[in-house]
Student: 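What follows is a structure written as structure tokens; I'll ask about it next.
Just so it is clear: chains get the letters A, B, ... in the order the sequence lines come, proteins before strands, and each one is counted from 1.
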Protein chains: 2
Amino acid sequence: MKTAFLDKGHDHGDCIQAALNAAEVVCQKQKARLTPIRRRVLELVWRGHAPVGAYELLQILKDEGFNPAPPTVYRALDFLIQHGLVHRISSLNAFVGCSRPGDVHDGTFLICRTCGTAAEMLDQTVLGTIGDMALSNKFSLSHVSVEAVGVCVDCRDGDRTEV
Amino acid sequence: MKTAFLDKGHDHGDCIQAALNAAEVVCQKQKARLTPIRRRVLELVWRGHAPVGAYELLQILKDEGFNPAPPTVYRALDFLIQHGLVHRISSLNAFVGCSRPGDVHDGTFLICRTCGTAAEMLDQTVLGTIGDMALSNKFSLSHVSVEAVGVCVDCRDGDRTEV
DNA sequence: TATATAATGTTATAATATAACAATATGTTA
DNA sequence: TAACATATTGTTATATTATAACATTATATA
Ligand SMILES: [Zn+2]
Ligand SMILES: [Zn+2]
Ligand SMILES: [Zn+2]
Ligand SMILES: [Zn+2]
């Protein structure tokens with residue numbers, strides 16, 4: 001598998017650009033409208049690899065001259081989640097960009113409690129195992145959330161650079 | 001493995017009694033005090049197998065003549081979680097009794113969206129797989145939450161008896 | 001009993017999220 | 001284009017979940 005955590009020296013501008021490009025493609029395919037607010041919220045969610053709270057997004061938008069109320073942000077987030085562009089991290093009440101947009105799927109994350117980074121595990125093994133468990137319980141599975149908290153290797157090695 | 005979902009005809013009084021007994025044992029071992037409020041909250045969490053919200057517990061306690069404020073309930077829940085007697089279901093902002101008290105562990109649940117039942121998967125395979133993923137990412141794992149939503153077999157078969 | 005610690009009471013408020021309805025923009029059809 | 005339907009956003013208010021801060025009471029220990 002590809003490693004879930006990106007190198008701390010990676011060019012994050014590329015991450016943002018890739019996310020926005022993918023969003024354009026996804027929305028075109030699904031005839032959905034990536035309006036300015038939705039696009040801006042996606043961009044802000046991609047500020048880094050740590051999940052961001054809705055009210056944090058709200059504050060940034062206010063600072064930028066938009067004057068949104070909470071529903072504006074929550075609607076944009078709902079849209080982005082529905083279209084597989086963002087995941088909600090329920091243990092943090094926060095939102096993070098999807099690492100594999102365009103292919104709607106459940107989120108499985110390793111979350112570093114030190115730098116905040118939420119790395120999406122793109123491997124299918126975990127979901128496969130849970131699928132097996134569901135089967136053996138005759139449980140009809142809709143969606144799964146896996147949130148594993150700990151410390152990433154960079155932070156364990158004493159390197160606290162925020163991503 | 002034992003099946004995660006109990007038969008709908010099971011004697012739930014036994015579940016409650018077992019939970020309270022186990023709590024006594026756990027608290028004695030850990031020299032922790034199972035005070036009346038803590039005990040009552042645990043009992044209420046065990047009203048059924050569906051997670052219960054903190055304010056729902058609060059309302060029940062009020063109806064019973066206690067007059068607790070939110071911190072009372074949250075403190076009791078925190079205590080019960082710390083001692084491995086209750087799990088928090090973060091996708092529901094709710095709390096459910098632990099099916100294997102006395103052995104502090106991460107919660108892995110199948111949650112039926114129809115009857116609300118949250119069945120704890122006691123099998124270690126899922127956590128083992130996640131542990132492997134963490135290892136291969138050099139991620140130092142602290143705790144894991146697995147919440148799988150779907151429909152349980154009883155509800156799928158059209159039997160909507162609440163548990 | 002005196003003292004320290006743990007637990008609970010109490011008040012206020014923070015943080016997260018949604019309901020309800022109005023206004024505007026966009027797409028579609030006549 | 002005009003008329004209409006639908007989607008999106010604006011706006012106000014409020015619901016829901018959770019915690020901070022400090023006072024009081026209960027319990028354990030010396
Ligand atoms: Zn990046
Ligand atoms: Zn994803
Ligand atoms: Zn039961
Ligand atoms: Zn458990």
Student: Could you tell me the separation between the CG atom of B/Leu34 and the P atom of C/dA6, rounded to a whole number of Å?
Tutor: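 Answer to the nearest Å: 18 Å.
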
Student: Does the ring of B/Tyr55 lie flat against the base of D/dT17, closer than 5.5 Å centre to centre with planes under 30°?
Tutor: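 Base of D/dT17: stacked against B/Tyr55.
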
Student: Evaluate whether atom CD of B/Gln30 has more than 12 neighbouring non-hydrogen atoms of other residues, nucleotides or ligands under 6.0 angstrom away.
Tutor: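 Atom CD in B/Gln30 is crowded, with more than 12 foreign heavy atoms closer than 6.0 Å.
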
Student: B/Ser91 and B/Glu147: side-chain donor and acceptor closer than 3.5 Å?
Tutor: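 Checked: B/Ser91/B/Glu147 side chains pair up, N/O donor to acceptor below 3.5 Å.
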
Student: Test your reading of the model: is there a side-chain donor-acceptor pair from B/His10 to the backbone of B/Leu6, 3.5 Å cut-off?
Tutor: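 Checking the backbone N and O of B/Leu6 against the side chain of B/His10, no donor-acceptor pair under 3.5 Å is found.
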
Student: What is the distance, rounded to the nearest whole Å, between atom CZ of B/Phe66 and atom C1' of C/dA7?
Tutor: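 Nearest whole value for this atom pair: 14 Å.
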
Student: What is the distance, to the nearest angstrom, from the CG atom on B/Asn93 to the C1' atom on D/dA15?
Tutor: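 B/Asn93 atom CG is separated from D/dA15 atom C1' by 13 Å.
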
Student: Could you tell me whether the side chain of A/His12 and the main chain of A/Trp46 form a donor-acceptor pair under 3.5 Å?
Tutor: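 A pair under 3.5 Å: yes.
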
Student: Can you tell me how far P of D/dT9 sits from CG of A/Leu58, to the nearest Å?
Tutor: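 Taking CG of A/Leu58 and P of D/dT9, I get 15 Å after rounding.
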
Student: For A/Arg75 and B/Ile37, find the nucleotide of DNA chain C closest to each by heavy atoms; which residue's nucleotide sits nearer the 5' end?
Tutor: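 First, find each residue's nearest nucleotide; the 5'-ward one identifies B/Ile37.
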
Student: Rounded to whole angstroms, how far apart are CD on B/Gln82 and P on C/dA6?
Tutor: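 So the two atoms are 14 Å apart, to the nearest Å.
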
Student: Side-chain N or O of A/Thr72 less than 4.0 angstrom from OP1 or OP2 on D/dT9?
Tutor: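 Indeed not, no polar side-chain atom of A/Thr72 lies that close.
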
Student: Grab the NZ-P distance between A/Lys62 and D/dG10 for me, whole Å please.
Tutor: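 From A/Lys62 NZ to D/dG10 P: 13 Å.
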
Student: Could you state the CG-P distance from B/Leu57 to D/dT17, rounded to the nearest angstrom?
Tutor: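 In whole Å, D/dT17 P lies 11 Å from B/Leu57 CG.
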
Student: Could you list, one pair per line, each protein nitrogen or oxygen that sits under 3.5 Å from a nitrogen or oxygen of nucleotides 5-8 of chain D, together with the distance?
Tutor:
{"from": "D/dT8", "atom 1": "OP1", "to": "A/Arg38", "atom 2": "NH1", "distance (Å)": "3.3"}
{"from": "D/dT8", "atom 1": "O5'", "to": "A/Arg38", "atom 2": "NH2", "distance (Å)": "3.4"}

Student: For B/Thr125, is there any backbone N or O sitting under 3.5 Å from a side-chain donor or acceptor partner on B/Asp123?
Tutor: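 Confirmed, B/Asp123 side chain pairs with B/Thr125 backbone.
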
Student: Expressed as a whole number of angstroms, how long is the span from B/Phe95:CZ to D/dT17:C1'?
Tutor: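 Atom CZ in B/Phe95 sits about 9 Å away from atom C1' in D/dT17.
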
Student: Side chains of residues 37-45 of chain A: which donor-acceptor partners sit under 3.5 Å, not counting sequence neighbours?
Tutor:
{"from": "A/Arg38", "atom 1": "NH1", "to": "A/Arg33", "atom 2": "O", "distance (Å)": "2.7"}
{"from": "A/Arg39", "atom 1": "NH1", "to": "A/Glu24", "atom 2": "OE2", "distance (Å)": "2.4"}
{"from": "A/Arg40", "atom 1": "NE", "to": "A/Glu64", "atom 2": "OE1", "distance (Å)": "3.1"}
{"from": "A/Arg40", "atom 1": "NE", "to": "A/Glu64", "atom 2": "OE2", "distance (Å)": "3.1"}
{"from": "A/Arg40", "atom 1": "NH1", "to": "A/Glu43", "atom 2": "OE1", "distance (Å)": "3.1"}
{"from": "A/Arg40", "atom 1": "NH2", "to": "A/Glu64", "atom 2": "OE2", "distance (Å)": "2.2"}

Student: Which is true for A/Pro71 with a 4.0 Å heavy-atom rule: it touches a base, it touches only sugar-phosphate, or it touches nothing?
Tutor: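 Base, at least one base atom sits under 4.0 Å.
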
Student: Considering residues at least two apart in sequence or located in another chain, which fulfil the salt bridge (charged side-chain N to carboxylate O under 4.0 Å, His left out) criterion with B/Asp103?
Tutor: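 Result, salt bridge (charged side-chain N to carboxylate O under 4.0 Å, His left out) vs B/Asp103: B/Arg100.
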
